[in-house]
Trainee: 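Quick one: structure below, then a few questions.
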Amino acid sequence: MSSVKGRTGKSNTNEKKIVGQAAADLVKDGMVVGLGTGSTTAFAIEALGQKAKQGLNILGIPTSFQSEMLAIDCGIPLTSLAQNPVVDIALDGADQVDKDLFVIKGGGAAHTNEKIVACSAKRFVVLVDQKKVVDVLNHPVPLEIMPNALELVKKVVVELGGNPVLRMAARKDGPVITDNGNFVVDVDFGEIRDPVQLGLELSNCVGVVEHGIFWNVDEVYVGTSDGGIEILKKI
Ligand code: A5P
């Protein structure tokens, strides 16, 4: 399907596919499922679509226009947090993961809605390929920001030691506009030794709608280069 050939779909496709399909097996009849965004979760959505066609009774809650469109294509019935505020399981990809299950997300500019769905879930499972697992997080942190707060946010994150870059669109003139109508600033902080503290400081920054550091992850399914799956769990 076209959705899996998107932003990062060409790298480690087999590993993404294996974890995506394994994640779909975690979903049981009657569950409300958070449908994450990106090329890895797309494999889980497609596998769930197959299961739905075979009779699995689920309701999906999408985290972006991308996952909504794919879920509709795959025949997954959808609902919303307004109708189903408790999500049984949320499945989503990530840009980087450490061994303590801190995660950076937002490479697809969907992290605000992803975080809302993940925080509404009883179980949050992240799906990555092996290259995304690191000892210390060092990936730039995406911030979804109100457009009129751009200069203010840049000033504050520089004071916090970051190097902010406004994310520009690839096939549109000007900046990326999120599904919520906002800008995204990617902030390079180098090595992030204390993701919780940094996350709290970013949440305090006026004009930041949401940052891409997540710490409510229950398990990470890692697709390994030998075709296996390693499962990282909170100790
Ligand atoms: C969307 O904004 C992101 O959080 C994605 O979930 C993350 O970038 C992982 O994407 P891939 O699975 O495409 O690598």
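Indexing begins at 1, ligand by ligand and atom by atom, following the structure's order.
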Trainee: Quick one: does ligand 1 sit under 4.0 Å from the side chain of Ala109, the backbone, both or neither, non-hydrogen atoms only?
Mentor: backbone
Trainee: Taking atom 3 (C) of ligand 1 as the point of reference, which of Ala44, Ser39, Gly106 owns the nearest heavy atom?
Mentor: Gly106
Trainee: Below 4.0 angstrom from a heavy atom of Asp95, which ligand 1 atoms are there? Numbered from 1 as shown, please.
Mentor: 7 (C), 8 (O), 9 (C)
Trainee: Please name all residues satisfying salt bridge (Lys or Arg N to Asp or Glu O under 4.0 Å) with Lys155, sequence neighbours left out, ordered by chain then number.
Mentor: Glu159
Trainee: For residues 227-235, which side-chain N or O atoms pair as donor and acceptor with protein atoms under 3.5 Å away, sequence neighbours left out?
Mentor:
unit_1: Lys234; atom_1: NZ; unit_2: Trp215; atom_2: O; d: 3.2
unit_1: Lys234; atom_1: NZ; unit_2: Val217; atom_2: O; d: 2.9

Trainee: Only heavy atoms count here, so choose which of Asp179, Asp92, Thr37 is nearest to atom 5 (C) of ligand 1.
Mentor: Thr37
Trainee: For Lys16, counting its heavy atoms only, list the atoms of ligand 1 lying under 4.0 Å from any of them.
Mentor: 14 (O)
Trainee: Is any side-chain N of the basic residue among Asp25 and Lys51 closer than 4.0 Å to the acidic one's carboxylate O?
Mentor: yes
Trainee: Got Leu56 and Val27 here, is their nearest side-chain heavy-atom distance under 4.5 Å?
Mentor: yes
Trainee: Once you round to the nearest 0.5 Å, how far does CD of Glu15 lie from CZ of Phe43?
Mentor: 11.5 Å
Trainee: Hey, what do you get for CD1 (Ile145) to CZ (Phe183), rounding to the nearest 0.5 Å?
Mentor: 7.0 Å
Trainee: Check whether any N or O atom of Thr41, backbone or side chain, sits under 3.5 Å from an N or O atom of ligand 1, and answer yes or no.
Mentor: no
Trainee: Just going by heavy-atom distances, which of His139, His111, Lys132, Glu114 is nearest to atom 4 (O) of ligand 1?
Mentor: Glu114
Trainee: Using a 4.0 Å cutoff against the non-hydrogen atoms of Gly107, which atoms of ligand 1 qualify?
Mentor: 2 (O), 3 (C), 8 (O)
Trainee: Looking only at heavy atoms, is any part of Ala94 under 4.0 Å from ligand 1, and if so is it the side chain, the backbone, or both, or is it neither?
Mentor: backbone
Trainee: Do Gln50 and Gln54 meet the criterion of a side-chain donor-acceptor pair at a distance under 3.5 Å?
Mentor: no
